[in-house]
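Down below is the structure, laid out as structure tokens.
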Amino acid sequence: VQALIEEGYAQLAAVTAPDDDVHLDAAETAFENALEIEPGSVHALNGIGIYELAKDEQWLVLLESLKKLFNRDHISMAIGYFEDALEADPGFLPARYNLGLAYRQARGADNYRKAGEQFLRVVEADPAYNSVMKLLVLTYRDAGDLASMRTTIQEADSTLAGRPSMELLLAYSLINAPDATSDMVQ
């Protein structure tokens, strides 16, 4: 199983473009074979979730203006795999992080809220994990929740002491937020 999982991730890492079907198909096959042997493998479930997000990326780029008409079933499938991985191991941060990414990709108020919940759980477990704090801030901004965005940035200053850019991120987020108001800036 481990060799199949490693092969799947190696194939994902070798993808050179969204239409790189050779590596994407090889990754899918490796993860599916691993899941046939060990159906609850969090690493295989997480990997096939990443595959589902990546496989139709070229269509999302080409059909950006037609997103609402585009069949987004691959995001639902990815979400399902990430949820399965978390059911098998609720503490597996890569799956929780990727679940948040999938919800962000799905867009919409409810999905942004769900993404924020997942990112917040990752922040609680490991605030420095894969720039999750920035994604949480941007998710709050995209959801229009400027109060939570500002609170998160202020808490990040103490949580991630010594790391630059949180103040710049606050300024950028406030300037680019759809409903930014001057009373938010102190």
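Y9 contributes a side-chain N or O that, together with a main-chain N or O of H43, makes up a donor-acceptor pair within less than 3.5 Å. Using a distance-only test at 3.5 Å, with no hydrogens or angles considered, no donor-acceptor pair links the side chain of Y140 to the main chain of G116. Judged by distance alone, the side chain of R141 and the main-chain N or O of T139 form no donor-acceptor pair under 3.5 Å. Not one N or O on the side chain of N130 forms a donor-acceptor pair closer than 3.5 Å with the backbone of V132. Panel note: side chain S131, backbone K134; no donor-acceptor pair is recorded below 3.5 Å.
Considering every non-hydrogen atom in both A34 and A44, the closest pair reads CB-CB, 4.0 Å. For the residue pair V42 and F92, the shortest heavy atom distance occurs at O-CE2, 3.8 Å. Here the closest heavy-atom approach between residue A125 and residue L93 is recorded as CB-CD2, 3.7 Å. Contact record, A102 with I79: CB-CG1, 3.6 Å, taken as the closest heavy-atom pair. When every heavy atom of H23 is checked against every heavy atom of A14, the shortest pair comes out as CD2-O, 3.4 Å. Closest approach of R96 to P90, counting heavy atoms only: NH2-O, 3.0 Å.
Side-chain contact between Y81 and N98 is absent, with no heavy atoms from C-beta onward closer than 4.5 Å. Using a 4.5 Å heavy-atom cutoff, the side chains of L12 and L24 are in contact. In this structure, the side chains of N46 and Y97 stay at 4.5 Å or more apart for every pair of heavy atoms. Using a 4.5 Å heavy-atom threshold, the side chains of L86 and Q118 count as touching. With a 4.5 Å cut-off on side-chain heavy atoms, I50 and F82 count as touching. Side chains of E52 and I75 form no contact here, defined as non-hydrogen atoms less than 4.5 Å apart.
The distance from the CG atom of D142 to the CZ atom of R104 is 4.5 Å, given to the nearest 0.5 Å. For the atom pair OG (S41) and CD (Q2), the distance works out to 8.0 Å, reported to the nearest 0.5 Å. The line from CG of L135 to OG1 of T152 is 12.0 Å long, rounded to the nearest 0.5 Å. Annotation: the span from N33 atom CG to E28 atom CD amounts to 10.0 Å, rounded to 0.5 Å. Rounded to the nearest 0.5 Å, atoms CZ (F31) and CD (Q11) are 9.5 Å apart.
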Requested in this report: Apply side-chain contact (heavy atoms from CB on, under 4.5 Å) to V22 and D20, showing your working.
Outcome: CA-CA 6 Å; V22 171; D20 185 349; 3.9 Å; yes

Query raised in the report: E117 and R121: salt bridge (charged side-chain N to carboxylate O under 4.0 Å, His left out), yes or no, with the steps?
Result: CA-CA 6 Å; E117 290 170 0; R121 291 181 70 181; over 6 Å; no

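Both L35 and L53 belong to a single network of hydrophobic side chains, linked directly or stepwise wherever heavy atoms of I, L, V, M, F, W or Y lie under 4.5 Å apart. Linking ILVMFWY side-chain heavy atoms closer than 4.5 Å, directly or via other members, places L4 and I48 in a single hydrophobic cluster. Note: the hydrophobic cluster containing L136 also contains V122 (ILVMFWY, side chain heavy atoms under 4.5 Å, direct or indirect links).
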